[in-house]
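Notes follow once the structure below has been shown.
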Protein chains: 2
Amino acid sequence: METIEQVLESKNIRVTAMRLLIYKFLAENQVAVTLSDIENAFEKADRTTLYRTVKTFVEKDIVHQIDDGTGIVKYALCEQDCSCEIETDLHLHFHCNNCNETICLTEHKIPKIKVPNGFVSENINLVVKGMCDKCSGQ
Amino acid sequence: METIEQVLESKNIRVTAMRLLIYKFLAENQVAVTLSDIENAFEKADRTTLYRTVKTFVEKDIVHQIDDGTGIVKYALCEQDCSCEIETDLHLHFHCNNCNETICLTEHKIPKIKVPNGFVSENINLVVKGMCDKCSGQ
DNA sequence: GCAATAATGCAATTCCATTGCATACATTTT
DNA sequence: AAAATGTATGCAATGGAATTGCATTATTGC
């Protein structure tokens, strides 16, 4: 089991107290979170710092960025063996219209999508919207 | 062949000069357009009017709204036989990272996506990103 | 034509993302 | 260990797009 420090160092991210806290926060959340979610969790910290920290994580491929159609960017830790940047490894996301949570369905890979001649597919964003298990069960 | 007036009336949208113009503009564009695109095409008109006109079109199901991940909402006329609101009829969208255009691939339907037990799928947003035929051909 | 209803235009606001700059911290070098 | 360098953080401000309130104008039904 890798420590968080090791994860960060292996990606050439300097270890700071703030970054460790934010990493832990992301790891604790099974759902994708917004910047505001993070901001609420760390009220003493400045929004800019949180913003840049997460941005660094995204650039260094330890967090992936999700656009679930709400207009607000969400973030989630990548899986250990995740290679988000590679098309074939992309999983899909589920956005619950009821509780407004977005969940990574990491075990659900995106099926191969055919595009017309001349089009080159580099990346796929697939968001399923509806009702999540928690909300539909009630 | 239905006239634009008939299309609008059939959806209970009051026919106005502005709405006819915006409808025509959307019909002329094969690609999905942003509010700013529309604004540039009708510089005399106010942004709010354009915004509300398109919003009305979306609500009445003659335009569908696309979230291609650029952070800016795009709009495109629905096909005549389109029923966007129904999951099985959803087509996919292609966003070109080069020319920044978003195209409706209406003939490409979204494959059936499986979601885990307890999840109810109501809607699917699928955007393929890469290089469009025009850009890859050069 | 008149009253009711809806569309339009202007101004202002909200919300989130993003940047500039000064300061604090950490790492490396001597 | 101190100085020098580079990076992270915090504060303030900006930008861009979506959205709303309200007054005015147009359209519809009677």
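Here is the naming used below: chain letters follow the sequence lines, and residue numbers restart at 1 for every chain.
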Are OP1 or OP2 of [N] and a side-chain N or O of [X] less than 4.0 angstrom apart?
X: A:Thr53; N: D:dT9; value: yes
X: B:Thr49; N: C:dA7; value: no
X: A:Thr16; N: D:dT9; value: yes
X: A:Tyr51; N: C:dT18; value: yes
X: B:Lys55; N: C:dA7; value: no

Figure out the [atom1]/[atom2] separation between [X] and [N], and round it to whole Å.
X: B:Lys74; N: D:dG16; atom1: NZ; atom2: C1'; value: 15 Å
X: A:Glu43; N: D:dC11; atom1: CD; atom2: P; value: 14 Å
X: A:Leu21; N: D:dT9; atom1: CG; atom2: C1'; value: 14 Å
X: B:Asn12; N: C:dT5; atom1: CG; atom2: C1'; value: 14 Å
X: B:Tyr23; N: C:dA7; atom1: OH; atom2: P; value: 18 Å
X: B:Arg52; N: D:dA18; atom1: CZ; atom2: P; value: 14 Å
X: B:Ile13; N: D:dT28; atom1: CD1; atom2: P; value: 14 Å
X: B:Asp46; N: D:dA18; atom1: CG; atom2: P; value: 14 Å

Paired with B:Leu126, the side-chain contact (heavy atoms from CB on, under 4.5 Å) test is passed by just one of A:Asn125, A:Val128, A:Ile124, A:Leu92, namely A:Ile124

side-chain contact (heavy atoms from CB on, under 4.5 Å) test vs A:Arg19 passes for just one of A:Ile13, A:Thr49, A:Ile4, namely A:Ile13

Non-hydrogen atoms of B:Thr102 and B:Lys74 that approach each other most closely:
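Shortest heavy-atom separation between B:Thr102 and B:Lys74 comes out as OG1-NZ, 3.3 Å.
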
A:Ala45 side chain, from C-beta outward: closest of D:dT9, C:dG9, D:dG10
D:dG10

Hey, which sits more toward the 5' end of DNA chain D by its nearest nucleotide, B:Arg14 or B:Arg47?
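Per heavy-atom nearest nucleotide, the more 5' residue is B:Arg47.
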
Between B:Lys11 (side chain only) and B:Phe57 (backbone N and O only), is there a donor and an acceptor less than 3.5 Å apart?
no

Could you name each residue pair satisfying salt bridge (Lys or Arg N to Asp or Glu O under 4.0 Å) that touches residues 30-57 of chain A, not counting sequence neighbours?
A:Glu39-A:Arg47

Between the axis at one end of the helix from C:dG1-D:dC30 to C:dT30-D:dA1 and the axis at the other (five pairs apiece), what's the angle to 10 degrees?
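Both end axes considered, the difference amounts to 30°.
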
Record whether the side chain of B:Thr48 comes under 3.5 Å of the base of C:dC10 through a donor-acceptor pair of N or O atoms.
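By the distance-only test, yes, there is a pair.
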
Count the heavy atoms belonging to other residues, nucleotides or ligands that lie under 6.0 Å from CD of B:Gln30, then report whether that count exceeds 12.
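Count not over threshold, so no.
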
I'd like to know whether the aromatic ring centres of B:Phe25 and B:Phe42 sit less than 6.0 Å apart in this structure.
yes

